[in-house]
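The next block holds one structure in the form of structure tokens; read it before the comments.
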Amino acid sequence: AMTKCKGFGFVRMANYDDACRSIEALDKMTFNEKTLQVRFKANVDWDKIPMQHRSSYDNRYGWCVYVSYLGSTATNETVSQLFSEYGTVNSIYLPMDNDNSCKGYGFVYMSSYDDASRAVEALNNVQYGDKNLRVRFRLKFNTDNVLEEHKSSF
């Protein structure tokens with residue numbers, strides 16, 4: 001008897017570089033009139049993650065925390081120093097104005113849910129410069145708009 005494909009599968013690659021090249025080449029490719037989603041398998045215990053935070057995870061970069069009310073002088077370095085007190089920072093994306101000053105918000109990618117949770121709890125509503133930060137898990141995560149703009153920072 002022939003079984004019907006459930007629409008997903010797993011491939012074990014020989015090494016990390018081959019996996020990255022495969023993801024880059026195949027993600028969002030059309031195959032049999034469907035758009036493929038090719039990602040690293042997430043080693044996340046989803047049962048421990050609150051439902052409202054699950055969309056903030058990205059297979060390539062980690063847990064995305066949104067931070068707003070940053071001053072115009074904020075940089076990747078200053079934001080990294082602030083967040084690294086609570087865990088490993090994988091990447092930071094701060095949109096900049098034409099004069100290379102921070103637009104006042106950004107995205108910090110933490111390596112684990114626990115690290116991101118600690119940062120959100122510790123930094124939300126904390127004074128930073130002359131404003132109180134707003135720090136929360138990024139909801140309704142859209143990798144097309146956010147991550148493509150700062151891939152070169154890796």
Side-chain angles (χ1 to χ4, degrees), residues 8-13 15-28 35-154:
F8 67 92
F10 297 93
V11 177
R12 184 180 302 266
M13 302 299 294
N15 58 56
Y16 178 79
D17 290 338
D18 287 350
C20 288
R21 280 192 293 279
S22 296
I23 289 169
E24 188 70 31
L26 300 173
D27 189 37
K28 296 186 173 105
T35 301
L36 297 177
Q37 289 185 7
V38 182
R39 307 275 188 264
F40 283 107
K41 178 183 173 232
N43 286 328
V44 176
D45 185 354
W46 292 108
D47 293 334
K48 294 181 180 178
I49 309 301
M51 188 65 75
Q52 70 269 23
H53 294 166
R54 292 181 185 184
S55 64
S56 69
Y57 182 76
D58 180 85
N59 289 325
R60 294 173 285 184
Y61 303 102
W63 291 93
C64 186
V65 175
Y66 174 77
V67 57
S68 57
Y69 299 106
L70 291 166
S72 62
T73 60
T75 65
N76 284 357
E77 293 77 26
T78 60
V79 173
S80 180
Q81 287 173 355
L82 184 66
F83 277 80
S84 64
E85 292 182 37
Y86 306 99
T88 303
V89 174
N90 290 343
S91 177
I92 296 173
Y93 171 61
L94 300 178
M96 297 293 184
D97 283 325
N98 291 336
D99 64 355
N100 213 26
S101 62
C102 179
K103 288 187 175 183
Y105 69 95
F107 303 90
V108 179
Y109 300 88
M110 308 284 295
S111 67
S112 75
Y113 177 76
D114 290 338
D115 290 353
S117 292
R118 279 191 298 274
V120 168
E121 188 168 323
L123 296 173
N124 189 46
N125 209 31
V126 166
Q127 187 166 352
Y128 184 78
D130 60 349
K131 298 178 183 176
N132 286 355
L133 295 176
R134 180 167 184 211
V135 182
R136 60 183 170 86
F137 279 93
R138 170 77 169 131
L139 303 177
K140 297 180 183 173
F141 195 71
N142 185 340
T143 59
D144 293 335
N145 294 334
V146 177
L147 296 176
E148 293 300 321
E149 295 180 28
H150 77 290
K151 272 186 176 179
S152 63
S153 66
F154 295 93

Q. Got a sec, which residues hit side-chain hydrogen bond (donor to acceptor under 3.5 Å, both in side chains) with Asp99, two or more places apart in sequence or on another chain?
A. Ser101

Q | Residue of the set Phe107, Phe83, Tyr113 for which ring-ring contact (aromatic ring centres under 6.0 Å, His included) holds with Trp63 | A | Tyr113

Q | Heavy-atom closest pair, residues Val38 and Ile23 | A | O-CG2, 3.5 Å

(Q) Could you check whether any side-chain heavy atom of Met110 comes within less than 4.5 Å of a side-chain heavy atom of Val89, counting everything from C-beta outward? (A) yes

Q.
On a heavy-atom basis, which atom in Cys102 and which in Ala74 lie closest, and how many Å separate them?
A. CB-O, 3.5 Å

**Q.** With sequence neighbours excluded, residues passing side chain to side chain contact (heavy atoms under 4.5 Å, CB included) with Thr75
**A.** Glu77, Thr78

Q. Would a 4.5 Å heavy-atom cut-off, applied to side chains only, mark Arg134 and Asn132 as touching?
A. no

Q.
To the closest 0.5 Å, what do you measure between OG (Ser68) and CG (Asn124)?
A. 8.5 Å

Q.
Just checking Gln127: does its CD atom have more than 12 heavy atoms from other residues, nucleotides or ligands closer to it than 6.0 angstrom?
A. yes

Q) Taking the side chain as C-beta and beyond, is there a heavy-atom pair between Phe137 and Val120 under 4.5 Å? A) yes

Q: Specify the closest pair of heavy atoms between Met96 and Lys103, including all atoms of both residues, with the distance to one decimal.
A: O-CE, 3.4 Å

Q. Could you give the distance from OH (Tyr109) to OG (Ser91), rounded to the nearest 0.5 Å?
A. 6.5 Å

Q) Can you pull the salt bridge (Lys or Arg N to Asp or Glu O under 4.0 Å) pairs that have at least one residue in residues 83-93, sequence neighbours excluded? A) none

Q: Please list, chain by chain and in numerical order, all residues satisfying side chain to side chain contact (heavy atoms under 4.5 Å, CB included) with Leu133, sequence neighbours excluded.
A: Val67, Leu70, Leu82, Tyr128, Val135

Q) Lys131: what forms a side chain to side chain contact (heavy atoms under 4.5 Å, CB included) with it, not counting sequence neighbours? A) Tyr69

Q.
I need the Ser72 OG to Leu94 CG distance, nearest 0.5 Å.
A. 12.0 Å

Q) For Arg118, which residues count as a salt bridge (Lys or Arg N to Asp or Glu O under 4.0 Å) partner, sequence neighbours excluded? A) Asp115

